[in-house]
Amino acid sequence: MPRIAGVDIPPNKRIEYSLRYIHGVGPKIALDILNEVQIEVGTPAKDLTDEQVTHIAAVIDRSLQVEGQLRRAVQQNIARLRDIKCYRGSRHRAHLPVRGQRTRTNARTRKGPKKTVAGKKSVKELR
Amino acid sequence: MARSQKKGPFVEEKLFKKVMNLKSSGSTVPIKTWARRCTIVPEFVGHKFDVHNGRQFYQVYVSEDMVGHKLGEFSPTRTFRGHGKGKK
């Protein structure tokens with residue numbers, strides 16, 4: 001069972017898909033990696049030789065931020081926005097959408113489950 | 001869409017001159033400005049600005065982290081007083 005960049009072990013899938021179980025590796029980067037280490041696209045992950053696995057791990061180690069490291073970097077970027085008191089930072093602090101989306105309706109991903117307020121106009125009445 | 005690289009960051013000329021003048025005279029009086037669209041460049045670091053938000057001037061002390069943002073991002077234009085309290 002291959003193990004790359006920490007804990008990730010998806011064995012029965014084609015390698016270009018199983019690589020995507022690593023946080024920070026998507027469709028494009030998965031293909032880029034395979035291209036660089038010269039592994040044929042479509043090889044099942046379990047059929048990789050140990051050598052190939054270490055090679056992939058080395059490439060990721062050298063050129064990419066993945067998993068915990070990446071998560072930390074993202075958190076730091078957000079923390080920076082919060083600290084400098086800019087508009088985007090205050091939106092993060094308030095758990096509201098950051099990129100100018102509407103908040104009159106929707107925005108549930110950021111705001112969480114609906115909190116019903118008595119007397120508030122429903123979406124139907126808004127129109 | 002992001003601004004074209006070719007043009008470089010947008011900096012209000014007048015404001016930039018003012019900052020340079022103040023820097024050479026070494027004073028740290030806040031500069032009153034309406035130029036919310038002006039990008040913060042490294043020369044602004046350590047300076048105070050009174051950025052207009054449509055109603056009043058909001059004082060902004062520029063730190064190193066703010067470089068690359070616009071002045072307006074630091075002067076909130078909306079007042080949020082919270083939801084649904086004080087209802088009888």
Side-chain angles (χ1 to χ4, degrees), chain A residues 24-29 32 63-65 68-127, chain B residues 1-3 9-12 15-16 19 28 30-88:
Chain A
V25 177
K28 176 170 191 306
I29 291 190
D32 286 352
S63 53
L64 297 171
Q65 263 196 332
Q69 207 189 354
L70 179 63
R71 279 182 240 262
R72 226 171 307 125
V74 172
Q75 280 310 313
Q76 270 167 13
N77 293 345
I78 294 175
R80 183 185 70 94
L81 291 175
R82 284 171 190 242
D83 285 347
I84 62 178
K85 293 198 208 129
C86 75
Y87 182 72
R88 279 173 65 196
S90 58
R91 299 300 281 181
H92 272 294
R93 242 179 279 146
H95 287 286
L96 288 168
V98 175
R99 300 184 180 175
Q101 298 97 319
R102 62 151 50 197
T103 53
R104 184 167 184 164
T105 66
N106 299 337
R108 279 355 292 197
T109 305
R110 290 290 285 164
K111 290 168 90 174
K114 269 189 226 157
K115 300 153 213 137
T116 312
V117 179
K120 185 163 180 169
K121 291 217 167 63
S122 74
V123 183
K124 275 185 211 148
E125 288 164 77
L126 287 178
R127 278 191 223 131
Chain B
M1 188 196 272
R3 186 180 161 90
F10 174 80
V11 183
E12 202 83 48
L15 187 66
F16 187 73
V19 175
T28 51
I31 303 178
K32 268 193 183 182
T33 181
W34 284 259
R36 297 171 56 85
R37 55 181 189 171
C38 179
T39 312
I40 295 175
V41 290
E43 284 85 346
F44 290 8
V45 171
H47 221 90
K48 280 189 194 134
F49 293 88
D50 279 334
V51 184
H52 201 68
N53 67 3
R55 186 159 52 96
Q56 15 130 295
F57 290 93
Y58 193 89
Q59 195 170 92
V60 176
Y61 175 77
V62 174
S63 69
E64 214 169 296
D65 276 345
M66 297 181 182
V67 172
H69 290 257
K70 310 270 176 173
L71 281 176
E73 289 182 55
F74 301 97
S75 173
T77 56
R78 291 173 197 207
T79 330
F80 177 66
R81 291 220 175 78
H83 286 306
K85 47 180 175 183
K87 216 181 183 184
K88 246 190 172 178

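Quantities reported herein were computed from a predicted structural model and do not represent experimental measurements. Residue numbering restarts at 1 for every chain, and letters A, B, ... go by the order of the sequence lines.
Within 6.0 Å of CD in B/Gln56 there are more than 12 heavy atoms belonging to other residues, nucleotides or ligands. The local environment of CZ in A/Arg88 is sparse, with at most 12 non-hydrogen atoms from other residues, nucleotides or ligands closer than 6.0 Å. In this structure, B/Tyr61 places its OH atom where only 12 or fewer heavy-atom neighbours from other residues, nucleotides or ligands lie under 6.0 Å away. Applying the 6.0 Å contact sphere to OH of B/Tyr58 captures no more than 12 heavy atoms from other residues, nucleotides or ligands.
Closest non-hydrogen pair, A/Ile84 versus B/His69, comes out as CD1-NE2, 3.8 Å.
No side-chain heavy atom of A/Leu81 sits less than 4.5 Å from a side-chain heavy atom of B/Glu73.
Going from atom CG of A/Asp83 over to atom CE of B/Met66 covers 9.5 Å, rounded to the nearest 0.5 Å.
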